[in-house]
Amino acid sequence: MKKILKQIFNGAVIGASVIVPGLSGGTSALILGIYGDILDAVDRLFSDFKKSFPYLLTLAAGGALGFYVCSFPLGFILKNFAFEFSFFILGVIAGSIPIFFNTPGKKISPPALLFAPCGVLFTFGFEILSARVAGDGPLSFLIVGLLSAIALILPGISLTYVLAAFGCYDALISAINGIELGFLIKLGSATMLGILAFTRILNRAYRKYPAQVNMAVLGMVL
């Protein structure tokens, strides 16, 4: 029971961070020290279903709880103290930077540092892409869904930032409130497809090149 409650708590922290502008669920998972465990669980969902599914289900339950509970105070804070809250977010992000240099069993070599500028360029490329892709066509949904999956998995990219950049944040909130199943199914399907496809790639890269991945993510955070 103690283990389950801890997993629910971790999920609640991740769920709460998903709706905070500037933060990402991946960054919170990295801070909590469970990022690798989540990647393994998703990657082995079908090969080790009995172990992976209960773990992910418990995290998801906690995530839904954190998302729901924190949405009310967050809405009040953003409405009344948005400027002050932005500095709190900057502090949280700044405090997470040392984590990227703590790669288990590995030292950050000079060549690995070159991946940080790659992360910066990736983020700028995302900004350019978001300015050119608009509308609610199939291509737009596919791109937004895949990038949402990346934002959910990869530390350093905020899901709210992805949705806002493509003009989908308000539409998603309206779809949830109005129970617009067509919009939710299309966006959700593309996001799930991205999670299943991208997690395995990221897990392999994170296990084989942890220092390089950490530096690339650090560039995105910066």
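In what follows, residues are counted from 1 in the order of the sequence shown.
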Novice: Is there a side-chain contact between Ile4 and Tyr55, using heavy atoms and a 4.5 Å cut-off?
Specialist: no
Novice: Hydrophobic cluster membership, with links at side-chain heavy-atom distances under 4.5 Å among I/L/V/M/F/W/Y: are Val13 and Phe88 in one?
Specialist: yes
Novice: Can you name the nearest heavy-atom pair linking Ala29 to Ile38, along with the distance?
Specialist: CB-CD1, 4.0 Å
Novice: Using side-chain heavy atoms (C-beta onward) and a distance below 4.5 Å, is Ile14 in contact with Leu32?
Specialist: yes
Novice: Hey, what do you get for CG (Asp37) to CD (Gln7), rounding to the nearest 0.5 Å?
Specialist: 9.5 Å
Novice: For the hydrophobic clusters of this structure (ILVMFWY residues joined by side-chain heavy atoms under 4.5 Å, transitively), does one cluster hold both Leu59 and Phe53?
Specialist: yes
Novice: Return the orientation label for the Phe87 and Phe83 ring planes: parallel under 30°, perpendicular over 60°, tilted otherwise.
Specialist: perpendicular
Novice: For the OG atom of Ser28 and the CD1 atom of Ile34, what is their distance to the nearest 0.5 Å?
Specialist: 9.0 Å
Novice: If you compare all heavy atoms of Leu113 against all heavy atoms of Met215, which two are closest, and at what distance to 0.1 Å?
Specialist: CD2-SD, 3.6 Å
Novice: Report the distance from atom CG of Leu56 to atom NZ of Lys51, rounding to the nearest 0.5 Å.
Specialist: 11.5 Å
